[in-house]
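Proteins get letters first, then strands, A, B, ... in listed order; numbering begins at 1 in each. Hydrogens, waters and symmetry mates play no part in the numbers below; they use all other heavy atoms, side chains included. All values derive from a computational prediction rather than experimental measurement.
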Number of protein chains: 2
Amino acid sequence: MSGTQDRILDSAMGLLQSRGYSAISYQDISDEVGIRKASIHYYFPSKGDLAKAVVHRYRAEVQDVIKQSEASRGADYWGLLDDYFHAYLIFEEEPHKICLCGSLAGEYPVLPEAVQGEVDGFFADQLAWILSIMKKLQEASLVNPEADSRVLSGWVLSSMQGSLMIGRATGEMQRVLDAKALLIASLKAF
Amino acid sequence: MSGTQDRILDSAMGLLQSRGYSAISYQDISDEVGIRKASIHYYFPSKGDLAKAVVHRYRAEVQDVIKQSEASRGADYWGLLDDYFHAYLIFEEEPHKICLCGSLAGEYPVLPEAVQGEVDGFFADQLAWILSIMKKLQEASLVNPEADSRVLSGWVLSSMQGSLMIGRATGEMQRVLDAKALLIASLKAF
DNA sequence: GTCTATACAAAGATAGAC
DNA sequence: GTCTATCTTTGTATAGAC
């Protein structure tokens, strides 16, 4: 099970996270994986197919991490949110990479429709999950129940994605940690 | 009145805001401006030169808007911040565009060094200005003086840039307005 | 200053041998 | 499945005429 297909997906994902969609080529992946361009087309006929598959797999991976967090945290809603934020903090180790879909969102209008669809799906997944946690926090009066939970959830996502992007550009990835701390403080203060 | 140069910059700026750096070409600009590709090279020998010039002009324009705001708002610090946020809200009218430097930051690692430098400069301008307002708000005890003003400033920038990016991808640009309202509420609540 | 023409490289993609 | 070979288009960039 050497999994050429997976190695292609791995390589493509890393390149998409650091360079985005338009700036990467079959040649880049070919160089990393050690196969010829044409062989990549065997697995993924078009560049859009490849990017779509990468995002699709990424979505599943992220959902998996969330399921694991839910299994271990139970009804500890702040803990769940903490795990969620933790997923953003890992980029401090690879400061040229950001969230796959954050990277792709920067070029959203030029993405093939099928890729846009997967990116949409990723953000929908994220927003739905954050919203579910937010509602729990409100039910438990840990967050002000008067606040609009949908708006709060969108803000959490935007803030974290923005901090990744700005953190990378300014070379100060601790902005991600700052955003996490300020978001939690805000949610408690409202 | 060399007009042409400005029309090239105008076109390039719009294209960069909607499609990013890698996905645009001299041909795209040529089509919009109505001159030949080679004529663009006369003004801007390389693509990097062009993008650098676009960001440089953008920085000056934004600084100008800020100066005007300062002239009319005086010591009304919340009003100054309101004007600042207003600059992000204009993208609701052109929902495929985002802040020029937000768009470029998404591809930061592949930008020519000279362009990275201008993008860095833009974010430094922004952070310095927000920080100056934050300090004034704290001096006037309108924002908790205990809070770290540098961290707060970075968060404001990240949050607004992120809301633009996520707003465009999800087709819900009112996220920008939401972010503004929540940031202001947070600053007052700390 | 703007054009035509062109050089040169890289991209996405396909055909067909092995 | 992976390769070589090739096609076609596009992109950046330059030379030189007008």
Side-chain angles (χ1 to χ4, degrees), chain A residues 1-55 57 103-104 106-118, chain B residues 1-55 57 103-104 106-107 109-116 118:
Chain A
M1 277 300 174
S2 79
T4 302
Q5 188 160 6
D6 282 330
R7 279 161 55 227
I8 294 169
L9 289 171
D10 291 342
S11 169
M13 183 163 93
L15 288 164
L16 286 170
Q17 288 180 283
S18 54
R19 306 202 219 154
Y21 182 80
S22 305
I24 73 165
S25 69
Y26 277 70
Q27 189 60 57
D28 296 325
I29 298 162
S30 165
D31 292 341
E32 281 198 1
V33 176
I35 53 171
R36 309 264 102 175
K37 280 196 297 176
S39 307
I40 304 173
H41 283 283
Y42 170 77
Y43 293 99
F44 305 101
S46 80
K47 192 179 176 183
D49 294 329
L50 173 54
K52 180 186 158 187
V54 170
V55 183
R57 192 186 65 163
S103 181
L104 293 174
E107 303 176 78
Y108 191 82
V110 302
L111 299 177
E113 254 182 67
V115 183
Q116 288 183 342
E118 286 291 337
Chain B
M1 278 306 169
S2 82
T4 302
Q5 187 161 3
D6 283 327
R7 279 161 53 228
I8 293 169
L9 289 171
D10 292 342
S11 169
M13 182 163 94
L15 289 165
L16 287 170
Q17 289 180 282
S18 53
R19 306 201 220 155
Y21 182 81
S22 305
I24 73 166
S25 68
Y26 277 71
Q27 189 60 56
D28 296 325
I29 298 162
S30 166
D31 293 340
E32 280 197 2
V33 176
I35 53 172
R36 308 265 110 176
K37 283 195 293 178
S39 307
I40 304 173
H41 283 283
Y42 169 77
Y43 294 99
F44 306 100
S46 80
K47 193 178 174 183
D49 293 328
L50 173 55
K52 180 185 157 185
V54 170
V55 184
R57 192 186 65 164
S103 181
L104 293 174
E107 302 176 79
V110 300
L111 299 177
E113 255 184 66
V115 182
Q116 288 183 342
E118 286 292 337

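- Side-chain N/O atoms of A/Tyr43 include one lying less than 4.0 angstrom from OP1 or OP2 on D/dT2.
- For A/Gln17, the side chain to side chain donor-acceptor pair (under 3.5 Å) test picks out no residue, with sequence neighbours left out.
- The nearest whole Å value for the distance from the NE2 atom in A/His41 to the C1' atom in C/dG12 is 5 Å.
- Closest approach of B/Ser103 and A/Gly106 over heavy atoms only: OG-O, 4.2 Å.
- Across the protein-nucleic acid pair, B/Lys37 atom NZ and C/dT4 atom P stand 12 Å apart, rounded to whole Å.
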- How far apart are the C-alpha atoms of A/Asp10 and A/Arg57, what are their side-chain angles, what is the distance that settles it, and do they pass the salt bridge (charged side-chain N to carboxylate O under 4.0 Å, His left out) test? CA-CA 10 Å; A/Asp10 291 342; A/Arg57 192 186 65 163; 2.9 Å; yes
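- Here the shortest heavy-atom pairing between B/Asp49 and B/Phe44 reads O-CD2, 4.2 Å.
- Across all non-hydrogen atoms, the minimal contact from A/Leu15 to A/Glu32 is CD2-OE2, 3.7 Å.
- Taking a 4.0 Å limit (strictly below) on heavy-atom distances, residues 46-53 of chain A reaches DNA chain C at A/Ser46, A/Lys47.
- Remark: A/Ile35, A/Arg36 in residues 15-36 of chain A come within less than 4.0 Å of DNA chain D through at least one heavy atom.
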- So A/Lys37 and A/Asp28, salt bridge (charged side-chain N to carboxylate O under 4.0 Å, His left out) or not? Walk me through it. CA-CA 9 Å; A/Lys37 280 196 297 176; A/Asp28 296 325; over 6 Å; no
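- A straight line from OH of A/Tyr42 to P of C/dA15 spans 16 Å, rounded to a whole angstrom.
- Note on A/Thr4: every side-chain N or O is 4.0 Å or more away from OP1 and OP2 of D/dG1.
- At a threshold of 4.5 Å between non-hydrogen side-chain atoms, the residues B/Lys47 and B/Ile24 count as touching.
- In this structure, A/Val33 and A/Arg7 approach most closely via the heavy-atom pair O-NH2, 3.0 Å.
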